[in-house]
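One structure is given here, and the rest of the page talks about it.
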There are 2 protein chains.
Amino acid sequence: MPREKFDFLIDRMPTPAGEMIVVADAEGNLRVIDWTDHEDRMKLLLDRQYGRGNWSLTPARDPGGLSSAMRRYFKGDRAAIDKLPVKTAGTPFQRSVWKALRTIKCGTTISYAELARRIGRPRAVRAVGLANGQNPVGVVVPCHRVIGSNGSLTGYGGGLPRKKWLLEHEGVKT
Amino acid sequence: MPREKFDFLIDRMPTPAGEMIVVADAEGNLRVIDWTDHEDRMKLLLDRQYGRGNWSLTPARDPGGLSSAMRRYFKGDRAAIDKLPVKTAGTPFQRSVWKALRTIKCGTTISYAELARRIGRPRAVRAVGLANGQNPVGVVVPCHRVIGSNGSLTGYGGGLPRKKWLLEHEGVKT
DNA sequence: CCGGCGCTCGCGGTTTTCGGACATCAATGG
DNA sequence: CCATTGATGTCCGAAAACCGCGAGCGCCGG
């Protein structure tokens with residue numbers, strides 16, 4: 001059921017872990033962030049969240065100052081992403097998962113089971129993993145800080161090597 | 001996929017054909033209108049169009065002057081509904097049907113097949129009937145002016161007697 | 001012969017239903 | 001210690017059902 005159209009701003013920027021795509025709305029909220037080499041998956045997510053053909057991306061430079069903030073994060077200012085304004089669509093369940101993600105402190109990790117407990121659905125472990133994978137705002141909403149109960153990295157939409165890179169960048173020893 | 005919340009204003013008013021419910025948004029656009037004795041169906045429509053739990057109704061008196069306009073219509077000023085601002089959700093197909101409905105002149109009727117032709121989908125006859133039934137803004141968006149090819153009244157969400165009443169009120173001889 | 005009635009079927013958009021996939025985890029057994 | 005297996009919750013996509021119709025056909029009675 002289409003509502004209204006969404007016109008977003010898109011920027012690209014290099015990082016030590018590969019080029020990233022930054023998508024923001026006119027109000028300066030971060031809407032989507034992903035790796036250039038996963039652009040197809042990103043478009044699929046946009047289709048699902050806003051409706052097929054209901055969104056468009058207009059190139060822009062450093063929209064909302066978000067690209068700059070990301071640059072600072074990758075340069076070493078790891079708190080630069082903590083307060084960034086983020087706005088997402090998604091089902092109530094997904095949003096509650098993503099909200100809980102932002103409370104995981106930099107440099108720490110938790111398990112999918114623990115995350116499920118924190119949102120009050122202790123048995124929705126697998127569903128939490130699924131919602132994690134649908135997170136449109138990687139890095140900033142730190143889905144990479146969730147790992148398996150046995151300490152293994154399990155999965156990551158951008159590829160496991162990047163998950164490892166991010167965690168080490170944040171001071172977690174793997 | 002819930003987006004944002006919709007808060008509407010609701011009013012009730014008597015008419016010669018039974019009590020009506022008038023729902024408007026803060027800008028004075030008519031969003032929904034229905035008969036009190038079909039309130040359940042109306043809520044179902046709201047759920048479908050705006051998402052379950054994504055809308056709320058706050059009582060108000062004559063929001064946007066819409067109730068007054070309706071009163072004038074029922075009193076005999078049949079042109080009172082012609083220019084009222086109407087806003088709806090719905091799929092592209094439904095919206096095209098509803099848009100075409102407003103071009104049917106008061107006092108005349110057309111068939112579902114003719115309506116289908118007018119929106120450029122001559123064979124989507126049944127789909128047009130379905131969209132007609134989902135029209136959230138009865139009377140003002142005059143779905144009652146569409147009848148079967150053989151002249152029978154076929155159907156009406158508010159009950160066939162009301163369809164008959166409205167048509168006669170508009171000067172159609174049945 | 002003609003008109004009217006009722007049945008059947010095709011039609012097309014939307015809604016609902018259903019099956020399976022999945023970034024898990026704990027409990028087993030080798 | 002590793003591999004296997006069930007229990008589990010959510011969501012997506014395909015498929016089926018649903019209908020505010022209409023045309024075509026056969027049947028029947030004037």
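Order of the sequence lines sets the chain letters (A, B, ...), proteins ahead of strands, with each chain counted from 1.
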Look at the side chain of B/Tyr112 and the base of D/dG20, then say whether one donor and one acceptor between them are separated by less than 3.5 Å.
->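 Yes.
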Ignoring hydrogens and angles, does a donor from either the side chain of B/Arg126 or the base of C/dC11 sit under 3.5 Å from an acceptor on the other?
->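 Donor-acceptor pair under 3.5 Å: yes.
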Anything under 30° is parallel, anything over 60° is perpendicular, the rest tilted; go ahead and classify B/His144 against B/Tyr156.
->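 Rings of B/His144 and B/Tyr156: perpendicular, as their planes differ by over 60°.
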NA contact type, [X], heavy-atom cut-off 4.0 Å: base, sugar-phosphate, or nothing?
X: A/Ala124; answer: sugar-phosphate
X: B/Val146; answer: base
X: A/Gly133; answer: base
X: A/Tyr156; answer: base
X: A/Ser149; answer: sugar-phosphate

Without swapping roles, check the side chain of A/Asp25 against the backbone of A/Leu30 for a donor-acceptor pair under 3.5 Å.
->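 Not confirmed, A/Asp25 side chain does not pair with A/Leu30 backbone.
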Under 3.5 Å: donor-acceptor pair, side chain of A/Asn29, backbone of A/Val86 |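 Looks like no, no N/O pair under 3.5 Å.
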Residue whose closest nucleotide on DNA chain D lies nearer the 5' end, B/Arg117 versus B/Ala127 =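 Its nucleotide being nearer the 5' end, the pick is B/Ala127.
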Given that B/Lys163 and A/Gln134 both sit by DNA chain D, which one's nearest nucleotide is further toward the 5' end?
->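 Its nearest nucleotide lies further toward 5', so the answer is A/Gln134.
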Watson-Crick or G-U counterpart of [N], or none if no pair lies under 3.5 Å:
N: C/dC11; answer: none
N: D/dG20; answer: none
N: D/dT8; answer: none

In Å and rounded to the nearest 0.5 Å, what is the CD to OG1 distance from B/Glu19 to B/Thr36?
->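 Rounded to the nearest 0.5 Å, the CD-OG1 separation comes out at 3.5 Å.
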Give the nucleotide from the list C/dG12, C/dT16, D/dT8 with an atom nearest to the side chain of A/Arg123.
->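 Taking heavy atoms from C-beta onward, the closest nucleotide is D/dT8.
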Side chain of A/Arg48 only, please: which of C/dT16, D/dG13, D/dC19 is the nearest?
->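 Nearest to the side chain of A/Arg48 among the choices is D/dG13.
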Assign each of B/Gln94 and A/Asn135 to its nearest nucleotide of DNA chain C by heavy atoms, then name whichever residue's nucleotide is nearer the 5' end.
->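 By nearest-heavy-atom nucleotide position, the 5'-most residue is B/Gln94.
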Between [N] ([atom2]) and [X] ([atom1]): distance, integer Å:
X: B/Asn132; N: D/dG22; atom1: CG; atom2: P; result: 11 Å
X: A/Leu115; N: D/dG9; atom1: CG; atom2: C1'; result: 14 Å
X: B/Asn150; N: D/dA23; atom1: CG; atom2: P; result: 9 Å

Flag the pair B/Asp37 and B/Arg162 as a salt bridge only when some basic side-chain nitrogen lies within less than 4.0 angstrom of an acidic carboxylate oxygen.
->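 Yes, this pair counts.
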